[in-house]
Protein chains: 2
Amino acid sequence: MAPTPKGRATYHHGDLAAALVAATLEIIDEVGVRGFSVAEAARRTCVSPGAPYRHFADRDALVAAAALEVSRRLRAIYLETAAESGSAQERLATVAGSFVRAAARYRGGLDILFAPGLRATHPELRDSTREFVDLLLPSAFEVIAPGEGPATAVALLDALHALARGYVAQLLEGKFGDPDDVAEEVAIRATQAARALVAGYGVPSGHVGEVARDR
Amino acid sequence: MAPTPKGRATYHHGDLAAALVAATLEIIDEVGVRGFSVAEAARRTCVSPGAPYRHFADRDALVAAAALEVSRRLRAIYLETAAESGSAQERLATVAGSFVRAAARYRGGLDILFAPGLRATHPELRDSTREFVDLLLPSAFEVIAPGEGPATAVALLDALHALARGYVAQLLEGKFGDPDDVAEEVAIRATQAARALVAGYGVPSGHVGEVARDR
DNA sequence: CATTCAATGTATGAGCCTCTCACATCACTC
DNA sequence: GAGTGATGTGAGAGGCTCATACATTGAATG
């Protein structure tokens, strides 16, 4: 009654979980998160519609797994680019910029990594980005005004994170035009904004404007 | 065959479109965008499942209408808070902060206002926020370093927008804890970060760090 | 008033999707 | 080489989106 798996040599797939994640990323790149369906992922993996549920509790779990894969790739990119820049200031600004660049490459991928609902319900997605904080904290410390505590360093990183994500969101929704065309330009602008932000945090309290003065 | 509209006095609803938008916002607040369904909205409005399609082309159109309603409310908040602050610097920083505060109040609402897919496909949503740029441009001009052109003012607003949205995203996904609890604190932090950003743009090129130097 | 008509709702249904359950198949162990 | 747990299949229940044909009604028109 369940004899011939068609489109495949063996009855068992081998590594269905990974194949499903790959298919999911493909589909989301093509039709977006809303257009994605578990059934379609199963189809592309030449597997029955019920099979994915052996590996993922529900649709969201599969999407979350795909998002986690994206965050892994993002981390790889970070490690490449972070090493090359010189000063701590530049390193922080550069990371923000290359984050935006990565967004253009992984489009749909970042859509799910930052899909409002998913991150709220799947803590592991947040953990995966929190790791970046640890990697950057030393640089943040170097950069802030002397006399400021660790809270300020973390606040700076939160601000940078917010800034970068905001640019990514605007880029992906096409605010500046076709994402592929304007990605590089937006990345440069994000880098500049990040520089400004870092500079703002580096000025001793009360020196320029009202920077970083509590309340 | 289609005789008795049950749960309602009259056959015609009166203002179904508005009622559907209200129901949509309600539902999204409760179960998120993914949990929302046109059918449920129809149910809560005591109307047949097909009725909404007389007013909205498809599911996304209804959600987009709801998002537009949210942006209208947001605008009202902006107009309240923007007037009271003194200097241009403080006005820009304050707007960023009150944006974050608004996010806590309209939770689900902002989820859809910033849902990746929606904004990409429904330009009217982007137009609604672009309006804010016009309102703030004069302040931005006041703030940037003397000698900088209008492009810099727009860049500053883009950066502020990115910053605020990034904080909203982090707030809503619970990065800092229960959104209701931490909203005020995060709003203050966003305001501070905005101050730092504004300060960074206000420093003449090459003065502090590498601020705003092209490339 | 009586009639007509456009707008608004209803009923029905096709097609797709999610997720469940009982059963089939296979890799591995002892 | 028999047993067993993990992995896949098939069938199906229930829900959703959206299209289509039909019912109802308020308002304009004669």
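It should be emphasised that the depicted structure is a prediction, and the values quoted were computed from it without experimental measurement. Convention: sequence-line order gives letters A, B, ...; per-chain numbering from 1.
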**Report entry** A:R34 CZ - C:dT18 P separation (whole Å)
**Finding:** 12 Å
Query raised in the report: To the nearest 10 degrees, what angle separates the axes at the start and end of the helix from C:dC1-D:dG30 to C:dC30-D:dG1, five pairs each?
Result: 0°
Report task. Go through the structure and list residues passing salt bridge (Lys or Arg N to Asp or Glu O under 4.0 Å) with A:R126, not counting sequence neighbours. Result -> none
**Report entry** Sequence-distant partners of A:R107, side chain to side chain contact (heavy atoms under 4.5 Å, CB included), two or more places apart
**Finding:** A:D29, A:L172, A:D178, A:P179, A:D180
If you restrict it to nitrogen or oxygen atoms, what contacts under 3.5 Å exist between nucleotides 4-8 of chain C and the protein, and what is each distance?
from	atom 1	to	atom 2	distance (Å)
C:dT8	O3'	B:H12	ND1	3.3

**Report entry** A:T45: side chain to side chain donor-acceptor pair (under 3.5 Å) partners, not counting sequence neighbours
**Finding:** none
Query raised in the report: Does A:R44 pair with A:E30 as a salt bridge, N-O distance under 4.0 Å?
Result: yes
**Report entry** Listed nucleotide nearest any side-chain atom of B:A51, set C:dC19, D:dC18, C:dT10
**Finding:** C:dT10
Distance-only donor-acceptor pairs under 3.5 Å for side chains of residues 158-165 of chain B, two or more places apart:
from	atom 1	to	atom 2	distance (Å)
B:D158	OD1	A:K175	NZ	3.1
B:D158	OD2	A:R189	NH1	3.1
B:H161	ND1	A:K175	NZ	3.4
B:R165	NH1	A:E173	OE1	3.4
B:R165	NH1	A:E173	OE2	3.2
B:R165	NH2	A:E173	OE1	3.3

For a quick test of your reading: what N or O donor-acceptor pairs under 3.5 Å do the side chains of residues 15-25 of chain A make, sequence neighbours left out?
from	atom 1	to	atom 2	distance (Å)
A:D15	OD1	A:A18	N	3.4
A:T24	OG1	A:L20	O	2.7

Query raised in the report: What residues form a side chain to side chain donor-acceptor pair (under 3.5 Å) with A:R54, not counting sequence neighbours?
Result: none
**Report entry** Set of side chain to side chain donor-acceptor pair (under 3.5 Å) partners for A:S37, sequence neighbours left out
**Finding:** none
Mind listing the N/O atom pairs, protein and nucleotides 13-17 of chain C, below 3.5 Å?
from	atom 1	to	atom 2	distance (Å)
C:dC17	OP2	A:R43	NH2	2.9

Query - Residues that B:E142 engages under side chain to side chain donor-acceptor pair (under 3.5 Å), provided they are two or more places apart - result: none
Report task. Report the residues that fulfil salt bridge (Lys or Arg N to Asp or Glu O under 4.0 Å) with B:R105, sequence neighbours left out, ordered by chain and then residue number. Result -> none
**Report entry** Closest to side chain of A:D58, choosing from C:dC19, D:dT9, C:dT10
**Finding:** C:dC19
